[in-house]
Structure formats: structure tokens, C-alpha cells
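Step one of this worksheet: look at the structure below.
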Protein chains: 2
Amino acid sequence: MKAQALHGHLDALLLAVLEQGPLHGYAIIEALRSRSDGHLDLPTGTIYPALRRLERAGHVASTWSTVNGRERRTYQLTDAGRGALAGERSGWREFSSTVGRFLDADTPPTTTPA
Amino acid sequence: MKAQALHGHLDALLLAVLEQGPLHGYAIIEALRSRSDGHLDLPTGTIYPALRRLERAGHVASTWSTVNGRERRTYQLTDAGRGALAGERSGWREFSSTVGRFLDADTPPTTTPA
DNA sequence: CTTCATACGTAGCAACGCTACTTGTCGTTC
DNA sequence: GAACGACAAGTAGCGTTGCTACGTATGAAG
């Protein structure tokens, strides 16, 4: 998967994984990886700043905890975040249907008929 | 449609509209607008540099002509461009199905029952 | 003669995600 | 007990990309 393709859709993905329950950053990375069959293997340098962006925006809230001597920052969706997710979803639908109109259309006949 | 959403997919769109035949820049803008029901209304400052990028990459070729005293630069897909388009299409499919797995899933019950 | 549609273009900016690196604990292996 | 990998968090700086705001010029319409 091309790296820059995510541009503008990462927030939506993060909100979507958090919709199913609170997770800490590292677990979010793993959730994205497993739920996408390995297609989304995002580096920490992508995830952590994005989560802080979302927190600044009020879409998620975080709480620290210590598990086995390891510091964890667990994020959970806020009500505002749930609203934002709904918006992102409809935005995604519009975007993907618009672009899909140009790109999904016809796979050029790879099966070039004789 | 959010502005930055296109990030990384613009080239694919341009190749896709040119797949149906050569067009000049201004006509490409109109084609994108009409074929997307107005959702894609891209400014010249987006299109022209993108077309030059594609030309530098060898995906399109341009020829100048004068129509009614107006200079036109008509772009057409090259063979390499056709190949690139095929790649972009499969990239798009992978991308949209991956993201869609998170976002298309379930429209949260907008029909919040009273 | 002014305005709008046509037609091309550039300069500079802002956003976003990535690469590369750092810090620290725990568990396992040598 | 040293070393290494998995776990867990983070920052600094960079490159790409599309957008905003301009600038130029012709032809048609009023």
C-alpha cells in the first residue's frame, strides 16, 4: 500500500478502531495491522502524533495507567469523537464513490479478447 | 468534499480521464467536474502542476495547438501512462477496500430509535 | 469598454504522514 | 549478568502534495 495514500483518512481510521472500545497506542497499531490483514502497518511516528492531534481536537481522551511496570496511555472516543467519526464516514463514502466512479469503472480488459 | 482528501489519488484521476481520449487542461477540469456531479471542482493551480508532473514522469505527452487564437496544450496518455493507470487502479482497489473495511462497515444507527 | 468564459501558468504556503532516532521496562537466552 | 527482542511511548525534521492567490492573454457579449 502506497504510503501517502492515507493522507486525510488516518483520523477516520483511528476513530473507527477506537469505536469498538478504548485502546492504547501500541494496541491501536496492532489492531490496524490485524484488521487490515497486514496492509496497514503504521509506524509509531505516524500514530502517536495523530492521537495527540485527535486529543487536542477533543475527539479522544486519554488516561495513563501502569501495566506490569509499563506506562500505557489509553485512548477512548469522546462524544464529539463519535460525531466526528460519523462525519468522517459520510465523507469517506462520498470520496470513495466519487473517486471510484473514475477508477473502479472498468478494469481495462486485461483479458484482451482475441 | 474535503480538500486534502485527494492526496495521492489525483494522478490516478487525471490518467483516468485521459484514458477516454486526449484533452487539454481546462477541458480536464471540466471533465472532472461534470463526471463527478460537481464534487471535484479542482483549481488550475492543482491541475496544471499535476499535469506537468505526469509529463515529467512520462505518463502523458502534450502537444500545443491554437484554437480560435487560444493556445491549447493537449495531453494524451502514453503507453507508460496506461500501465501506470492500471497500477493506480489496483492500488485504489486495495486502498479503498482496506479503508472501507474500517469505515464502510456499519453506518452507526443514525436511526436512533426513540 | 467592461465583463465573463476560455486557457495557460507560477510562487508560496500548510497539512500530513514518514523516516530515523531516543528512552525505558520486562522476559528470555546465553 | 549481559544481551537481545517484544512492549510502550515519544520527538525532530523532511518530502510530497494540493491549495490559495496571483498574473497574463484572447474572444464574445452587453
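Numbered from 1 within each chain, the chains take letters A, B, ... in sequence-line order.
- Out of dT11(D), dC18(C), dT20(D), the shortest distance to the side chain of Pro43(B) is found at dT20(D).
- The residue Gly45(B) sits close to a base: some heavy atom pair falls under 4.0 Å.
- Across dG9(C), dA20(C), dG18(D), the shortest atom-to-atom separation from the side chain of Asp11(B) is found for dG18(D).
- Counting only residues at least two apart or on different chains, the side chain to side chain donor-acceptor pair (under 3.5 Å) pairs with a member in residues 23-33 of chain B are Arg33(B)-Asp41(B).
- When each of dC19(D), dC18(C), dT17(D) is scored by its nearest atom to the side-chain atoms of Arg53(B), the top-ranked nucleotide is dT17(D).
- In this structure, Arg93(A) does not pair ionically with Glu88(A), as no charged nitrogen and carboxylate oxygen lie closer than 4.0 Å.
- Nearest to the side-chain atoms of Tyr75(A) among the listed nucleotides dC7(D), dG10(D), dC18(C) stands dG10(D).
- Across dC8(C), dT10(C), dA9(D), the shortest atom-to-atom separation from the side chain of Pro49(B) is found for dT10(C).
- Of all heavy-atom pairs between Ser36(B) and Phe102(A), the closest is CB-CE1, 4.0 Å.
- For Thr44(A), the side-chain atoms get nearest to dA20(C) when compared with the rest of dT6(C), dA20(C), dC18(C).
- Relative to the side chain of Tyr26(A), the nucleotides dT20(D), dA8(D), dG18(D) differ in distance, and dA8(D) lies closest.
- Note on Arg101(B) versus Asp37(A): salt bridge recorded, some NZ/NE/NH1/NH2 to OD/OE distance being below 4.0 Å.
- The structure places CZ of Arg82(B) at 10.0 Å from CG of Leu18(B), a figure rounded to the nearest 0.5 Å.
- Here dC16(C) is the nucleotide among dG18(D), dC16(C), dG10(D) with the atom lying nearest to any side-chain atom of His7(A).
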Which atom pairs link the protein and nucleotides 25-29 of chain C when you take only N or O atoms and keep those under 3.5 Å?
residue	atom	partner	partner atom	Å
dT25(C)	O2	Arg70(A)	NE	2.9
dT25(C)	O2	Arg70(A)	NH2	3.3
dC26(C)	O4'	Arg70(A)	NH2	3.1

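- Counting only N and O atoms by type, the side chains of Ser62(B) and Arg73(B) include a donor and acceptor under 3.5 Å apart.
- Candidate nucleotides dA9(D), dC8(C), dA7(C) were compared by shortest atom distance to the side chain of Arg72(B), and dA7(C) ranks first.
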